[in-house]
Undergrad: 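Below is a structure I'd like to ask you about.
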Amino acid sequence: MGGSEAEGYAPIVGAGPNSTALHYDRLSRKMEDGDIVVLDVGAQYSGYSADITRTLPRQWQIHVAPARDLQRRARRTKRRARPPSSRAWISAGKSDKSVDRISRDYINSHGKDLHGKSLGQYYIHGLGHHIGLNVHDPGEYCRPLQPGMVVTMEPGIYIPEENLGVRIEDDVLITETGHKLLSERLPRDPAEIEKNNDPSRRPTFQKPAERR
């Protein structure tokens with residue numbers, strides 16, 4: 001048996017200026033060409049909820065250069081200092097707070113806004129949270145991570161002045177030797193997203209001939 005039982009929570013979808021709202025829940029604006037779209041969607045299975053976010057272009061290509069840069073930066077935030085698994089920076093023994101600090105240090109030291117200021121001021125939430133029976137499961141954020149825990153990693157940057165928000169959220173299982181990325185099959189790299197969305201790569205279907 002496969003597939004999900006239901007939505008884990010009401011989907012959160014914001015495009016253009018609404019991509020900068022953390023939990024945008026209205027349907028008040030039509031998407032426009034050039035918009036960046038933040039999709040926060042999770043399925044429920046056997047009572048457990050996933051929590052995944054991807055940032056995609058309204059068109060098949062990411063035309064907005066800052067969006068492409070921010071998406072790469074958010075992705076690199078999660079890859080930073082990730083050597084072999086036993087020394088991975090998100091692993092058993094590390095606390096949520098220590099991993100959060102690594103992500104903030106990285107974003108603050110990589111890139112500036114239009115006014116030359118560090119991007120850390122636009123990182124307005126924590127790196128992640130526990131998930132399980134609830135999409136936001138209770139957890140002690142100063143307590144070291146333990147094997148078997150499932151947490152999210154969701155660095156995000158939201159710049160209202162530029163109508164630009166980027167968040168990449170993955171679900172991570174803490175293991176004895178490091179971690180396992182449960183949502184790794186979903187593209188997060190801009191080039192990979194564009195490749196998958198390229199209209200020329202989409203299959204074409206022919207209408208069946210009418211029977212006489």
Side-chain angles (χ1 to χ4, degrees), residues 1-15 19 22-24 36-57 60 62 67-68 70-85 88-92 94-96 99-100 102-103 106-107 123 125-139 141 145-158 165-198:
M1 183 176 73
S4 67
E5 303 163 337
E7 297 173 345
Y9 51 93
I12 300 165
V13 182
S19 67
L22 288 186
H23 293 96
Y24 183 75
I36 292 299
V37 187
V38 174
L39 299 98
D40 190 331
V41 182
Q44 177 181 296
Y45 183 74
S46 294
Y48 289 85
S49 179
D51 189 2
I52 300 169
T53 304
R54 288 294 184 266
T55 301
L56 306 173
W60 71 273
I62 303 176
R68 180 188 292 270
L70 288 181
Q71 185 146 331
R72 286 202 176 103
R73 200 167 299 145
R75 180 174 56 88
R76 288 170 184 162
T77 296
K78 294 176 5 179
R79 293 176 55 192
R80 179 186 179 273
R82 190 159 59 187
S85 59
W89 60 276
I90 178 167
S91 58
K94 300 288 182 67
S95 69
D96 291 326
V99 178
D100 182 274
I102 292 173
S103 72
Y106 183 89
I107 286 179
Y123 186 3
H125 55 71
L127 176 63
H129 56 83
H130 294 257
I131 56 174
L133 294 175
N134 289 317
V135 67
H136 281 246
D137 246 12
Y141 290 90
L145 297 169
Q146 299 295 324
M149 288 182 173
V150 180
V151 297
T152 66
M153 291 180 64
E154 48 181 304
I157 304 170
Y158 313 87
V166 173
R167 180 167 70 254
I168 303 174
E169 179 178 20
D170 284 297
D171 297 345
V172 181
L173 170 65
I174 306 303
T175 67
E176 294 286 351
T177 57
H179 67 268
K180 179 179 180 180
L181 196 60
L182 301 178
S183 46
E184 64 180 342
R185 292 179 62 187
L186 294 176
R188 62 187 62 80
D189 179 77
E192 189 178 4
I193 289 171
E194 290 181 343
K195 181 179 178 181
N196 286 350
N197 289 346
D198 186 345

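Counting from 1, the numbers follow the sequence of the chain as shown. Computed over heavy atoms, backbone and side chain alike; hydrogens, waters and symmetry mates excluded.
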Undergrad: Do Val13 and Asp40 make a side-chain contact, defined as non-hydrogen atoms from C-beta onward lying under 4.5 Å apart?
TA: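 A side-chain contact is absent here, since even the closest heavy-atom pair is not under 4.5 Å.
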
Undergrad: Can you name the closest pair of heavy atoms from Val135 and Ala50 and give their distance?
TA: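 Shortest heavy-atom contact: CG2-O, 3.9 Å.
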
Undergrad: Indicate the atoms forming the closest heavy-atom contact of Val41 with Pro11, along with that distance.
TA: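 Looking at all heavy atoms of both residues, the shortest contact is CG2-CB, 4.1 Å.
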
Undergrad: Identify the residue among Thr55, Ile168, Leu22 that makes a side chain to side chain contact (heavy atoms under 4.5 Å, CB included) with Val38.
TA: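 The side chain to side chain contact (heavy atoms under 4.5 Å, CB included) with Val38 is passed solely by Thr55 among Thr55, Ile168, Leu22.
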
Undergrad: Can you see which heavy atom on Tyr158 is nearest to which on His125, and at what distance?
TA: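 Shortest heavy-atom separation between Tyr158 and His125 comes out as OH-NE2, 2.7 Å.
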
Undergrad: If I compare all heavy atoms of Gly8 with all of Ser49, which pair ends up nearest, and what's the gap?
TA: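 Reported closest heavy-atom pair: CA-OG, 3.5 Å.
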
Undergrad: Compute the ring centroids of Tyr9 and His23, then answer whether they are less than 6.0 Å apart.
TA: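 No; His23 has its ring centre 6.0 Å or more from that of Tyr9.
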
Undergrad: Glu169 side chain to Thr152 main-chain N or O, any donor-acceptor pair under 3.5 Å?
TA: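 Here the side-chain-to-backbone pair does not exist.
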
Undergrad: Roughly how far, to the nearest 0.5 Å, is CG of Leu145 from CG of Leu173?
TA: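 That separation rounds to 11.0 Å.
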
Undergrad: Please walk me through it: do Leu133 and Tyr48 pass side chain to side chain contact (heavy atoms under 4.5 Å, CB included)?
TA: CA-CA 5 Å; Leu133 294 175; Tyr48 289 85; 3.8 Å; yes

Undergrad: Any donor-acceptor pair under 3.5 Å linking the side chain of Asp171 with the backbone of Leu182?
TA: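 Not a single qualifying donor-acceptor pair exists.
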
Undergrad: When you measure from the side chain of His129 to the backbone N and O of Gly139, does any donor-acceptor pair fall under 3.5 Å?
TA: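 A pair under 3.5 Å: no.
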
Undergrad: Ser183 and Ile52: which non-hydrogen atoms are nearest, and at how many Å?
TA: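 Looking at all heavy atoms of both residues, the shortest contact is CB-CD1, 3.8 Å.
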
Undergrad: Counting only N and O atoms by type, is there a donor-acceptor contact under 3.5 Å from the side chain of Thr175 to the main-chain atoms of Lys180?
TA: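 Judged by distance alone, no pair lies under 3.5 Å.
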
Undergrad: Could you go through His136 and His130, starting from their C-alpha distance and side-chain angles, then the distance that decides it, and tell me whether this counts as side chain to side chain contact (heavy atoms under 4.5 Å, CB included)?
TA: CA-CA 6 Å; His136 281 246; His130 294 257; over 6 Å; no

Undergrad: Test Thr53 against Leu39 for side chain to side chain contact (heavy atoms under 4.5 Å, CB included), laying out the working first.
TA: CA-CA 5 Å; Thr53 304; Leu39 299 98; 5.8 Å; no

Undergrad: To the nearest 0.5 angstrom, please state how far the OG atom of Ser19 sits from the CD1 atom of Ile12.
TA: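 Rounded to the nearest 0.5 Å, the OG-CD1 separation comes out at 13.5 Å.
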
Undergrad: Please tell me if the side chains of Glu176 and Pro147 come closer than 4.5 Å, counting only heavy atoms from C-beta onward.
TA: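 Result yes, sub-4.5 Å side-chain heavy-atom pair found.
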
Undergrad: Salt bridge between Asp170 and Arg54, side-chain N to carboxylate O under 4.0 Å?
TA: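 Salt bridge: yes.
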
Undergrad: Which heavy atom of Pro155 sits nearest a heavy atom of Ile107, and at what distance?
TA: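 Minimum heavy-atom separation between Pro155 and Ile107: CB-CD1, 4.5 Å.
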
